[in-house]
Q: 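Before I ask anything, here is the structure I am working with.
Per chain, numbering begins at 1; letters A, B, ... match sequence-line order. In this text, all values refer to a predicted model and were calculated from it rather than measured experimentally.
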Number of protein chains: 2
Amino acid sequence: MDDQMQSLATEMNRGFLQVLVLALLERKMYGYGMIKHLEEAGYRIEENTLYPLLRRLEKNGWIAGDWDVSETRPKKFYVITETGRKVRGHALRLWEEQATTLARVTEVERDV
Amino acid sequence: MDDQMQSLATEMNRGFLQVLVLALLERKMYGYGMIKHLEEAGYRIEENTLYPLLRRLEKNGWIAGDWDVSETRPKKFYVITETGRKVRGHALRLWEEQATTLARVTEVERDV
DNA sequence: ACATTATACTGTATGTTGCACAGTATATCA
DNA sequence: TGATATACTGTGCAACATACAGTATAATGT
């Protein structure tokens, strides 16, 4: 059952991770830094998850990336775009809706 | 951008729909009835989504189904199993965690 | 009486995405 | 000089929401 739970957890990350990154990128950040930042906030995201995700979000035009080669090691910094903000808003509303639906359903279960 | 939003919405349903069904099946119900029940609660789930989902959850042993052929039309009734309850609990905890993480991240953004 | 709509399912195909696996290359520190 | 941290790229797989297509009975309208 652990495998199955892991699989469900993965599914639950879909969407959530996109919103999380969109929220995070209100401030300019680069991939590796985001991982460390989230770790400090008590959340672990896989490199293998984040990097492809950033590429997808950029391709969608929800975030914009540009290379910083001024320092020792080249880093790709990302920020959210206007479109990204709209998407994030939409997604957060959806999230609320889901929470409401779930609450309503479990509430009904309690009543009966 | 509407297409992209739809795609994100779909991804956000993954996991959520599983939890929703697990919550709903605290009471014995059948597929079509669940669709109508949710509609009354203001939520629309596609038949094409629900039926395959029910099959998967049953295969996982999270819900148990059995056919009722006593009435006019055969219906397959499902209920949550003990395993299903454990999974649901786990998932709801994960959901909380995600909410917390998201709140923490957006909070930090506000502060800075 | 006959068509339409609601009921109640099954089966299979597809696109998206989290994550695994593998690889590249520089910097730091013991 | 060898390990560890930094900071990425590229490709492939499995799971799931949803689309598309189909089956079959009951109720309702005309």
Q: Taking the side chain of A:Gln18 as heavy atoms from C-beta outward, which of C:dC9, C:dG18, C:dT7 is closest to it?
A: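 The nucleotide sitting nearest to the side chain is C:dG18.
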Q: Identify which nucleotide among D:dA26, D:dC16, D:dC8 has an atom closest to any side-chain atom of A:Ser7, counting heavy atoms from C-beta outward.
A: D:dC16
Q: Do the side-chain N or O atoms of B:Arg55 get closer than 4.0 angstrom to the phosphate oxygens (OP1, OP2) of C:dT10?
A: yes
Q: Under the 3.5 angstrom rule, does the side chain of A:Ser7 hit a backbone N or O of A:Asp3 as a donor-acceptor pair?
A: no
Q: Between D:dT18, D:dC8, C:dG18, which nucleotide gets closest to the side-chain atoms of A:Trp67?
A: D:dC8
Q: At 4.0 Å (heavy atoms only), tell me whether B:Pro74 reaches a base, stays on the sugar-phosphate, or touches nothing.
A: sugar-phosphate
Q: Assign each of A:Asn13 and B:Lys36 to its nearest nucleotide of DNA chain C by heavy atoms, then name whichever residue's nucleotide is nearer the 5' end.
A: B:Lys36
Q: Which residues satisfy the salt bridge (Lys or Arg N to Asp or Glu O under 4.0 Å) test with A:Arg56, sequence neighbours excluded?
A: none
Q: Any side-chain N or O of A:Lys76 under 4.0 Å from OP1/OP2 of D:dC8?
A: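 So the side-chain polar atoms of A:Lys76 never come under 4.0 Å of the phosphate oxygens OP1 or OP2 of D:dC8.
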Q: Which is more 5' along DNA chain D, the nucleotide nearest A:Gly33 or the one nearest B:Arg56? Just name the residue.
A: A:Gly33
Q: Looking only at the side chain of A:Tyr51 (C-beta and beyond, no hydrogens), which of the listed nucleotides D:dT9, C:dT7, C:dA27 gets closest?
A: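 It is D:dT9.
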Q: Output the single nucleotide from C:dA8, D:dC16, D:dT18 whose closest atom is nearest the side chain of B:Leu17.
A: D:dT18
Q: Is B:Glu96 paired with B:Arg93 through a side-chain N to carboxylate O contact shorter than 4.0 Å?
A: no
Q: Which one, C:dT7, C:dT26, C:dG11, comes nearest to the side chain of B:Asn48?
A: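 Closest nucleotide to the B:Asn48 side chain: C:dG11.
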Q: To 10°, what angle do the rotation axes through the five end pairs on each side of the helix from C:dA1-D:dT30 to C:dA30-D:dT1 form?
A: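 The helix from C:dA1-D:dT30 to C:dA30-D:dT1 shows an end-to-end axis angle of 20°.
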Q: Please determine whether a side-chain nitrogen or oxygen atom of B:Thr10 lies at a distance below 4.0 Å from atom OP1 or OP2 of D:dA17.
A: no
Q: Does the side chain of B:Tyr30 get closer than 4.0 angstrom to OP1 or OP2 of C:dC9 through an N or O atom?
A: no
Q: Would a distance-only check, ignoring hydrogens and angles, find a side-chain to backbone donor-acceptor pair under 3.5 Å from A:Gln98 to B:Met12?
A: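 A pair under 3.5 Å: yes.
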Q: With the side chain of A:Arg14 defined as its heavy atoms from C-beta on, choose the nearest nucleotide among C:dC19, C:dT10, C:dT16.
A: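 My answer, after comparing the listed nucleotides, is C:dT16.
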